[in-house]
Amino acid sequence: MGIKVRKPFCLSFKGVPTSLKILCDNVSGAFVLSESLNRLISLVQTKVDETLLNTMIQFYDPLLHCFTYRDFQLVPTLEEFSSILGLPVLDQMPYTGEEEIPKLEDVAAALHLPRSEIKKVWVNKGDYTGLPIDFLYSQAEILINAASMDALEKVIDFPIYGQFLFPRYDKIVDVIATKIFISNNPVPTLLGDLLHSIHHRSSKGKGCVLGCAPLLHKWFISHLPRSIIKNEEGGTWVQRIMRLSYDDIFGFALKDKPRSIYLSAENFDYDSNTTEKKKLFIRAWSKVKKVCTRELGLRNYIPSDIYFRWIYDRVVEYGMPYPSDISVVSRVTPPVILVVLEPYVPAPNEDLSATVASLRREKADLEKRLREVEAEKAVLVADAKERDGMLDYFSRKWKIEDFVSPGQIQSCEQEIDRLVQERNEMIKAHKEEIRSLKRKHRLED
């Protein structure tokens, strides 16, 4: 079946200021810096291939809010950005815009600088509020010469936040970047900014992606096979990415297996207006929660045919950004073939010791697989018990006694009796008043 081809577009990306690159180059390798700052500097120094990013963004799916390719999907996650940056996602509400402007003493404490110095240069002109970049660079030079590492790291971190991660103005680190810097929780905002900017610019088909392009570049490259990156055949990014299939893509390699993952119970609408969007964001984030991996059971890394069919249907509906020399068809996973093993009979001259060792290894592998199957079974049994409990709970015929105490029931009954009696008395008084008025009327006649 022929797949329709969408019209591609071209976006630009916010670059890194030269002065910030020079500052990072001066301190990189010259000082022993913290792991988190080294990662941020490495990100600043990342050479971004805009052709690669533009090719990737052509596959953005505005309905599913992810990148939909021929038979797989990709979307950056909190866990992946957290791993790239070396920064945790804190158990708190990320930046919403509702936060108060930080006090100067809080800014001074965050930068390890005197409050008096911050007060001298603090800019406050409506929305144009923050610390001048020139002041931060001059402070960085002083601290480099003094080798004052605690303050130096913060003074380098701060312009990275203001000019690289959350850029709004060229000459100051504005109050928004300052709030996020003080919160020590930038990852959710970085992810949200990038996805929102990509969604908005893709819908327009033009403009500049204001999120952190090197972070997006590093994330996407991490999923590509080495052969695609090396490009020994000399293909364009369009040719290379259009050939990618599910089997080619690498999962994101974390140093340590995450003990928990982030799940959301509510979708977020990127297309709503600014005021409504803020309310939706706050509500949506309140639904995000950490779930321990042990609660989710064993992972299944093999997608089902239903998943591949779902992607294929979406590709047919939405189309592809480029024509492909590889036909797009609904992928079907190969069926599991059961092989019946014949009883083993050793040959007369066979080395029995080697055979025994081989059989022992095979036995150990089978026992390991058996333990994995039993663990999967235990998870399924636990899930079945939980479902049975929920079915029993919701199918139960509830009585009023299940929710209120006998004393509360008696109190309600007494109140009802009082109200009925009061009503009867009011009706009786009303009737008596009517009879009195009738008698008075007859006497007047």
Passes side-chain contact (heavy atoms from CB on, under 4.5 Å), H196 versus H199? Steps please. CA-CA 5 Å; H196 174 264; H199 181 89; 5.7 Å; no

Is there a side-chain contact between [X] and [Y] in this structure, where contact means two heavy atoms from C-beta onward sitting under 4.5 Å apart?
X    : Y    : answer
F135 : I118 : yes
Y322 : P8   : yes
Y246 : R70  : no
P102 : V175 : yes
C66  : L74  : no
L190 : F166 : yes
V123 : T129 : no
F67  : Q73  : no

Check whether any side-chain N or O of [X] sits under 3.5 Å from a backbone N or O of [Y] as a donor-acceptor pair, and report yes or no.
X    : Y    : result
S203 : H200 : yes
S197 : D193 : no
Q163 : L20  : no
R240 : S227 : no
D174 : G130 : no
R39  : L85  : no
S202 : I198 : yes
S245 : D248 : no
T96  : M93  : no
K4   : E317 : yes

Using the side-chain contact (heavy atoms from CB on, under 4.5 Å) rule, take L40 and V44 through it: C-alpha gap first, then chi angles, then the decisive distance, then the call. CA-CA 6 Å; L40 284 178; V44 170; 5.6 Å; no

Does this structure show an ion pair linking E372 with R369, if we count only N-O contacts that are shorter than 4.0 Å? yes

Can D313 and R309 be counted as an ion pair, charged N to O under 4.0 angstrom? yes

How many angstroms lie between [atom1] in [X] and [atom2] in [Y], if you round to the nearest 0.5 Å?
X    : Y    : atom1 : atom2 : value
K230 : E232 : NZ    : CD    : 4.5 Å
F220 : L215 : CZ    : CG    : 14.0 Å
C24  : F164 : SG    : CZ    : 8.5 Å
E99  : I182 : CD    : CD1   : 11.0 Å
I156 : I144 : CD1   : CD1   : 5.5 Å
T46  : L216 : OG1   : CG    : 12.0 Å

Looking at [X], I'd like to know if its [atom1] atom is crowded, meaning that more than 12 non-hydrogen atoms belonging to other residues, nucleotides or ligands lie closer than 6.0 Å.
X    : atom1 : value
D127 : CG    : no
I306 : CD1   : no
E367 : CD    : yes

Exercise: do D49 and W237 side chains pair donor with acceptor under 3.5 Å: yes

For E153 and S34, does a side-chain donor sit closer than 3.5 Å to a side-chain acceptor? yes

For the residue pair [X] and [Y], what are the closest heavy atoms and their distance?
X    : Y    : answer
I84  : L43  : CG2-CD1, 4.5 Å
I3   : G319 : CG2-CA, 4.0 Å
P321 : V5   : O-CG1, 3.7 Å
V27  : I41  : CG2-CD1, 3.8 Å
Y69  : M320 : C-CE, 4.3 Å
P76  : L195 : CG-CD2, 4.1 Å

Going by the angle between their ring planes, with limits at 30° and 60°, are H223 and W219 parallel, tilted or perpendicular? perpendicular

side-chain contact (heavy atoms from CB on, under 4.5 Å) evaluation trace for L23 with I160: CA-CA 10 Å; L23 174 62; I160 290 177; over 6 Å; no

Could you name each residue pair satisfying ring pair (Phe, Tyr, Trp, His ring centres under 6.0 Å) that touches residues 170-192, not counting sequence neighbours? F158-F181, Y161-F181

Quick one: do K14 and V209 satisfy side-chain contact (heavy atoms from CB on, under 4.5 Å)? Show the steps, please. CA-CA 6 Å; K14 181 72 174 178; V209 176; over 6 Å; no

Can a cation-pi geometry be assigned to R314 and Y318, taking NZ or CZ under 6.0 Å from the six-membered ring centre and within 45° of the ring axis? yes

